[in-house]
Amino acid sequence: MVVIVLSFNLPQLLGSWLLHLGILAGYAILMPVTSTRATLRAVITIGVMFTLYFTLAVIPFEAIPWLADAPLSRADEKLFLGVNPALWIEPHVTHGRLEFFSFVYALFIPYVYLSIFIGLVGRPDRERTAFVNGIALVYCIGFLGYLFVPARGPVVFLASEFAAPLQGGMFHDTIVQSVANCGGPHGAFPSLHVGVACFLCFFDLHWNRLRGLTYVPVVLLIAIATIVTRYHYVVDILAGAIIAGLAYRVARGRR
Amino acid sequence: MIGWLIRRAADAAVWAYFRRIDSDGLEHLPKKGALILASNHINALVDPLVIQFVAPRRLTMTAKASLAKNPYGGFLLWAFGAIRFQRPAESGVRAAAAANRAAIEACRARLARGEALCVFPEGKSHSEPAMLPFKQGAARIALGHDGPVAIVPVGLYYERKERFRSAVGVRFGPPLDPLQDQQSASELTREIRRRIEGLTAHFEHRREAILADWVGHMLASEGAPPPALRDEIPVTEHAKRLQRIADRLEQLRPTSGPELTALETRVAAYRQELRRLGVTPEEIYLRIGWGRALHFVIGELEILLVGGLIGAWGWIVHLLPFLVVRAVTRRFSRERDQWASNAICPALVVYPFFYVLQMVVAWILLPVPWALAFTLSLPFSGLYYVLWRDRVGGAWRRTRTFVRWYLDRGLQSRLANDGRILIRDIMALADGTPE
């Protein structure tokens, strides 16, 4: 892991760590007396997960001698009785819809950071531990998929079959730029956008029902957005949701 | 099918009407076999609906036959498969006796099939601070049944039963076996009463009940900061505390009358002051710190803004049926125990009617995906709106209290001090019995 961390994308790595140190500092200011050790452990765990997420872009494609795009795409076609959902949806994606779903796709970032902030601050220790265990489990299983089922998603694999590349506006350009900054499309299987968002939603539905319900429509839209923006296959989304369910069960059991 | 739909609609209506429905002692309910649930009766038709909501098995209701005079009431009794009992005052002593013998036989037939009955031995709903005299119907049903039957006492407690989005607690006690424990119907009835009394709080006067309720909240606060808005204390815990207070009051009244009166006066004055300020007993101890306030603001603003869209949609699509149900409730409710029933029963048909109406319009006017989204949004946004409304209301109250304490730290300090002294004195008088 140290090699991975030291080898890739140092500025982003530093940015990620600074963000989490910021959360820690914020916590220390806000809640100076409550369980600093537990919070420190939580912040470090999540920091490591995020660091791995940023640094795992290239390794699998160089280290693993196969690409999983073709089987994943075929699985999608079997799931939809011979129709490839990524290609089917193309004529329905207008400029406005693409912008809307790009915005939704980008919503994942504030959703996950706000959830982590709320998950780490002002919660009872046991609840925080469950939260950290669960989110770490989602990322860990997700990374296994990234490593052993390397795929770049329909945006690359089906590029020649789409009538045209996606042409969005400000929001779409922003997410394209963000993905490029993270090493380009990678880690299609499973969808951690959906996996993490689902886990946060499941977790909140149990411990903070109103917040969980608030994000149910957002999570559903995020799942659709990953298809519309061509970053994921439908099986990636299903896998993400299953991992989230599993992690939630484990986290809840370890309450 | 209609019965099943109405029962599910009733569950949804009960869920929507009450902010919290807590239960305690569900392990005492046998999963199968003949069962009689005997409960106190303080909220008319809502009582059986609430018990059915928390009970893990289907219950057969018992109800007064006069409800069927109203066609809608008759429809509901039919849909729930309720067994009807006559009141002598309504149909004459002889006619009532004959009809009730048949009703008792019908109850025994249900028990013989291993079903569960829900009965209210007081015979009628009321808003008295103590239970009414018991009728012997439940005991006679049980004693005349061939075979084993368990009688499980049930204690219902409503936070403010006439208020929308209040809370209810249902406590189940250990079952009693009528064949083993008792001989006669009157003895068994006394035992059932004793068991239900063990699950509910009883007071001499309504004022005493209100003050005890307030004291319960004060003691629950333990002079510590209030929990987060999403972490309410279960209503059943408050009901237990209230019962202990009632029991202790009864013990203290003969020996410590003057001290009790003095303490009651102080509690009443304290309560009046807090009510004037619009502050709950727990919020007196709210911590005033900018870090916590910032965390609170971030969390609540997120719900307010992100959830506001769904909440506003839920409000828009449910406004019309809500207004209709509210108008009906206000038109027909006189007593405190009628409000919830007069809201929930009309809601069982008004909301589905408006749902169907809106869905028909949506499927005619909108493309299929939008019509589908609209259809799915109806129940979800309704469910969301009631939760969102509670939370925003709570956040607003807490923000107002925070600002009040921030601007007048001396007032908070004085009230917190008074509260702690009162708690100490109450505990001293009660000799530590209520926790």
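Chain identifiers are assigned alphabetically (A, B, ...) following the order of the sequence lines, protein sequences preceding nucleic acid strands; residue numbering begins at 1 within each chain.
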Contact origin within B:F380 toward chain A - heavy atom pairs under 4.5 Å: side chain
Whether over 12 other heavy atoms sit under 6.0 Å from A:F162 CZ: yes
Contact origin within B:L387 toward chain A - heavy atom pairs under 4.5 Å: both
Whether over 12 other heavy atoms sit under 6.0 Å from B:R20 CZ: yes
B:W363, CH2 atom: more than 12 neighbouring heavy atoms under 6.0 Å: yes
Chain A contact via B:I298 - side chain, backbone, both or neither, heavy atoms under 4.5 Å: side chain
Any residue of residues 93-109 of chain A which, by heavy atoms, sits under 4.5 Å from chain B: none
Residues in residues 212-225 of chain A near chain B [non-hydrogen atoms, under 4.5 Å]: A:L213, A:T214, A:Y215, A:V216, A:P217
Region of B:L383 in contact with chain A, defined by heavy-atom distances below 4.5 Å: side chain
Within 6.0 angstrom of B:W15 CH2, more than 12 heavy atoms from elsewhere: yes
Atom of B:I303, atom of A:R211 and distance for their closest heavy-atom approach: CD1-CA, 3.7 Å
From A:L210 atom CG to B:R389 atom CZ, the distance as rounded to the nearest 0.5 Å: 13.5 Å
